[in-house]
K.L.:
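Let me begin by handing over the structure; questions about it come next.
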Amino acid sequence: MTDFTLNKDADGIATITWDVPDKSMNVMSFDGLRDLEKHIDDALADDAVKGIVITSGKEGSFAGGMDLNLLAKMKEDAGDDPAKGLFEGTMQMHALLRKIERAGMDPKTNKGGKPMACVIPGTAAGIGLELPLATHRTFAADNPKARIGLPEILVGIFPGAGGTTRMVRKLGAMAASPFLLEGKMVAPAAAQKAGIIDEVSEDPMAAARDWVLNAKDADMVKPWDAKGYKMPGGAPYHPAGFMTFVGASAMVNGKTQGVYPAAKALLSAVYEGALVPFDTALKIEARWFTNVLMNPSSGNMIRSLFLNKEALEKGAVRPEGVPDQRVKKLGVLGAGMMGAGITLVSVQAGIEVVLIDQTQEAADKGKAYSASYFDKGIARKKSTEEKKAKALDLITATTDLDALKGCDLIIEAVFEDPKVKAEMTQKVEAVIPEDCIFASNTSTLPITDLAKASSRQEQFIGIHFFSPVEKMLLVEIIKGAETGDRAVAKALDYVRQIRKTPIVVNDARFFYANRCIIPYINEGVRMVQEGVEPALIENAAKLVGMPLGPLQLMDETSIDLGAKIARATKAAMGADYPNDDIDPLVFWMEKEGRLGRKANAGFYSYDAKGKRIGLWQGMGDKYPVAEEQPDLIEVQHRLLFSQTLEAVRALEEGVLMDIREGDVGAILGWGFAPWSGGPLSWLDMIGAPYAAERCDQLTEKFGERFTCPELLREMAQKNQSFYGRFNPDASKAA
């Protein structure tokens, strides 16, 4: 079977249908490119063909993008010169799309070509939009669920098959920027309004055929191929265009802090391409595309945010041989912020939920959280009253534990106290079915210890959500010492139902995510006590790609929570407790009532409306800023190594069972420098020998918390990488 098929009819229309076998959505491969070019050549050479329509054989979608293995093959085929292979392979794609765009026209008169239309039945992303942009007219189905756009920037690359150049020449740099620099995906009607596609129709195929049969020479000429073309909004040295490009450069650097190479490369391709003829602009785009693909950041982001994330969502770590465990009826214990959020995402997935709390008022308040969420969506025209009513009908808010009968999964989200959780576990197990899986949403308490209150420890598991539940993409699943495969499968299948990304880790204090993020916060607190300028700490973090500095992050999560965790951890660890040196500042802040954003007072100052207005100047009275400040790189390395070394230790100790989960979990869970691909990818990027050497330097200067893990030391001696040594798919080893 082939990816593209050609059918010629009596009306003189050649229909090329894209339908990749065994794929739910079309992706472009080398075989696909060859198929498409063969059929285009055939149709253009056939005098009986009056015009061409390109469409999809997939119901509800046109294409999902490029098969990323195609990029790897371009590198491999070039041998010792992978950049040359990438550039030449990209130019081959440009040549094919340019052939479609010119469609046999005379280069001087722009006449004599065959009209080409594209019919988009649904979602069109990446190359799935770059191909339609090269045709003469695009017709999309009136499908509100469909999304159209160029999301490449979100995985560390940019549209390199002509999408960047065509989008800018079609819309202008300013109008194109949300689609190129933010990866914005929109419904067909919005895409038409923006000028990306030409027509939305109830019957796009009929509309396309009618257009093809009646198209004239002038209808086929793209604006940039016509005489007198001027870029919408102005080219770089037009007065209006100049301001656009100056602003765009500032915006990109402000948002990326210079650590995301794709955004800078995209802007360079747009700027340089706008100064030259169209075909030269395509060559410039290909060069910058190659530049990005050769950057290790791009490869790491693609691997973590696309390949690994997709593999985890499809069940890469799901126990084999366990039948489908999708949840039919869910019980949520505790209607506070976490319980209400879990309820919301569950009913959005169509799952029936019993929401339990101590009082009916509290349970109703938890249900009202979903109502409020839908009300906001309705106000923004993102939802409807019908969807709201359907979701709320799925929620039973009650105090009656008997309502949990018939549940196949329970998620406990009650107060973080082992005694309270144990009491609830025993009460609920007396009601629920024998085969019901019981999960705790605890963020810090060991699952093995909590499971001791259960009479069915093999059915007890941790399902740790991040706050706010509806926004955070990651769910951390924790296996206790006795947790069985069916419980793991149940948790994974549930997470897939609610469309989030799971990682599965073995039980240990703080599990994986909190184990890594707490040292990051602690390192920031230590530096404040040492006299490091708080602004240097915060900006160093942001300049290396962290979404929040450690001090702002502590404000967001609340300082009293940090104090509570510190006390509980010290009580549990005794003499092994490692953070006595940071507790004085945290406890002092707690005593002063500076509890973070929720109190409008923390490491930052806030106005009456809760808006952050700057770092709190009073900190300097208690912890004066030193006259001599450390080097920026040193501050950044302290913040990064505090996290990455914990990731290595988690892998070394068997808490982390799959390096893909280590990287994906770090990016989605707490925003670890996405440009790096995650903590283990970052260590691969700088190399194990240098990482071990840097550990020794940091240990000598700042203490044993930076001691190089034995695993990393061994890898340094053997010059190994994490993805070379541990990657489940050796063919993708870095």
Side-chain angles (χ1 to χ4, degrees), residues 23-25 27 64-65 67-69 151 154-156 299-322 324-327 345 349 409 437 439 441 447 461-466 469 471-479 483 485-507 511-517 647-648 650-651 654-674 676-682 684 722-723 725-734:
K23 293 279 187 182
S24 60
M25 189 175 284
V27 292
D67 180 350
L68 294 174
N69 291 316
L154 302 178
V155 291
N300 288 358
M301 286 185 75
I302 290 171
R303 181 175 61 200
S304 292
L305 293 174
F306 186 80
L307 298 173
N308 291 349
K309 179 175 177 288
E310 185 178 66
L312 295 176
E313 289 169 348
K314 289 185 175 180
V317 296
R318 190 182 190 278
E320 294 182 6
V322 181
D324 180 61
Q325 295 291 317
R326 276 177 290 188
V327 176
V345 297
L409 174 65
I437 301 299
N441 177 56
I447 294 300
I461 195 166
I463 300 182
H464 173 214
F465 287 86
F466 295 78
V469 175
K471 291 183 180 179
M472 298 299 285
L473 299 176
L474 185 75
V475 177
E476 189 174 27
I477 296 169
I478 306 100
K479 292 174 61 177
T483 301
D485 283 352
R486 192 172 71 83
V488 175
K490 188 77 171 184
L492 284 168
D493 290 354
Y494 166 65
V495 172
R496 186 175 185 180
Q497 279 178 270
I498 60 174
R499 297 186 177 182
K500 294 191 181 291
T501 304
I503 62 170
V504 180
V505 300
N506 279 318
D507 192 24
F511 316 134
Y512 173 64
N514 283 332
R515 172 181 184 151
C516 296
I517 197 62
V648 175
L651 181 66
V655 174
L656 195 60
M657 295 178 283
D658 189 311
I659 58 169
R660 295 174 296 183
E661 295 179 301
D663 279 343
V664 174
I667 295 173
L668 300 186
W670 70 91
F672 180 92
S676 70
L680 301 173
S681 287
W682 182 70
D684 278 355
F722 285 95
Y723 276 87
R725 176 166 172 166
F726 296 105
N727 192 359
D729 183 353
S731 68
K732 293 191 180 82

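The first residue in the sequence is number 1, and the count goes up from there. Since this is a predicted model, take the numbers as computed values, not measurements.
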K.L.:
Before giving the answer on side-chain contact (heavy atoms from CB on, under 4.5 Å), spell out for Arg660 and Leu307 the whole-Å C-alpha distance, their side-chain angles and the decisive distance to 0.1 Å.
P.N.:
CA-CA 9 Å; Arg660 295 174 296 183; Leu307 298 173; over 6 Å; no
K.L.:
Going through the checks in order, is the side-chain contact (heavy atoms from CB on, under 4.5 Å) test met by Arg318 and Val488?
P.N.:
CA-CA 7 Å; Arg318 190 182 190 278; Val488 175; over 6 Å; no
K.L.:
Residues two or more places apart in sequence or in another chain: which of them pass side chain to side chain contact (heavy atoms under 4.5 Å, CB included) with Ser304?
P.N.:
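For Ser304 the side chain to side chain contact (heavy atoms under 4.5 Å, CB included) partners, ignoring immediate neighbours, are Asn308, Asp663, Ile667, Ser681, Tyr723.
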K.L.:
What pair of heavy atoms forms the shortest contact from Tyr512 to Ala650, and how long is it?
P.N.:
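Tyr512 and Ala650 have their closest heavy atoms at CD1-CB, 3.9 Å.
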K.L.:
Over all heavy atoms of both residues, which pair between Ala647 and Leu680 is shortest? Give the atoms and the distance, please.
P.N.:
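Closest heavy-atom pair between Ala647 and Leu680: CB-CD2, 4.4 Å.
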K.L.:
If you look at every heavy atom in Arg496 and Lys314, which pair is closest and at what distance?
P.N.:
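Smallest heavy-atom distance, with atoms named: NH1-O, 4.2 Å.
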K.L.:
Quick one: does any side-chain atom of Lys500 pair with a main-chain N or O of Met472 as donor and acceptor, under 3.5 Å?
P.N.:
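Side chain of Lys500 to backbone of Met472, a donor-acceptor pair under 3.5 Å: yes, one is there.
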K.L.:
Say whether, by atom type as modelled, one donor and one acceptor occur between the side chain of Asp493 and the main chain of Gln325 under 3.5 angstrom.
P.N.:
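The answer is yes, because a donor-acceptor pair under 3.5 Å joins these two groups.
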K.L.:
Could you check whether the rings of Tyr494 and Phe465 sit parallel, tilted or perpendicular, using 30° and 60° as the cut-offs?
P.N.:
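Rings of Tyr494 and Phe465: perpendicular, as their planes differ by over 60°.
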K.L.:
Do you know which of Val475, Ile478, Leu492 makes side-chain contact (heavy atoms from CB on, under 4.5 Å) with Ile463?
P.N.:
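Among Val475, Ile478, Leu492, the one meeting side-chain contact (heavy atoms from CB on, under 4.5 Å) with Ile463 is Val475.
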K.L.:
So, for Gly665 and Leu474, which heavy atoms are closest and what is the spacing to 0.1 Å?
P.N.:
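Heavy-atom minimum between the residues: O-CD2, 3.4 Å.
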K.L.:
Of all heavy-atom pairs between Asn506 and Gly654, which one has the smallest distance, and what is that distance?
P.N.:
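Reported closest heavy-atom pair: ND2-O, 2.9 Å.
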K.L.:
I need the single residue from Val317, Val664, Asn727 that forms a side-chain contact (heavy atoms from CB on, under 4.5 Å) with Asp658. Which is it?
P.N.:
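For Asp658, the side-chain contact (heavy atoms from CB on, under 4.5 Å) test succeeds with only one of Val317, Val664, Asn727, which is Val317.
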K.L.:
I want to check something: taking the side chain as every heavy atom from C-beta on, are Glu661 and Val505 in contact at a cut-off of under 4.5 Å?
P.N.:
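With C-beta onward as the side chain, the pair stays apart.
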K.L.:
Nearest 0.5 Å, what's the CD1-NZ distance between Ile461 and Lys479?
P.N.:
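The NZ atom of Lys479 is 8.0 Å from CD1 of Ile461, to the nearest 0.5 Å.
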K.L.:
Just how far is it from atom CG of Leu409 to atom CD of Gln497, taken to the nearest 0.5 Å?
P.N.:
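One gets 9.0 Å once the value is rounded to the nearest 0.5 Å.
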K.L.:
With a 4.5 Å cut-off on side-chain heavy atoms, are Lys490 and Val322 touching?
P.N.:
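They are not in side-chain contact.
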K.L.:
Treating Asn300 as the side-chain partner and Ser676 as the backbone partner, does any N or O pair qualify as donor plus acceptor under 3.5 Å?
P.N.:
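Yes, the answer is positive, given that a donor and an acceptor are paired below the 3.5 Å cut-off.
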K.L.:
For Ala513, check side chain to side chain contact (heavy atoms under 4.5 Å, CB included) against everything at least two apart and list the hits.
P.N.:
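Per chain and number, Ala513 pairs via side chain to side chain contact (heavy atoms under 4.5 Å, CB included) with Phe466, Glu476, Trp670.
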K.L.:
Applying side-chain contact (heavy atoms from CB on, under 4.5 Å) to Ile503 and Ile477, what does each step give before you reach the verdict?
P.N.:
CA-CA 6 Å; Ile503 62 170; Ile477 296 169; over 6 Å; no
K.L.:
Do side-chain atoms of Asp507 reach the backbone of Ile447 as a donor and acceptor pair under 3.5 angstrom?
P.N.:
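Yes, Asp507 side chain to Ile447 backbone: donor-acceptor pair under 3.5 Å.
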K.L.:
Can you sort out the partners of Leu651 under side chain to side chain contact (heavy atoms under 4.5 Å, CB included), two or more places apart, ordered by chain and number?
P.N.:
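Side chain to side chain contact (heavy atoms under 4.5 Å, CB included) check on Leu651 returns Leu656, Ile659, Leu711, Phe722, Phe726.
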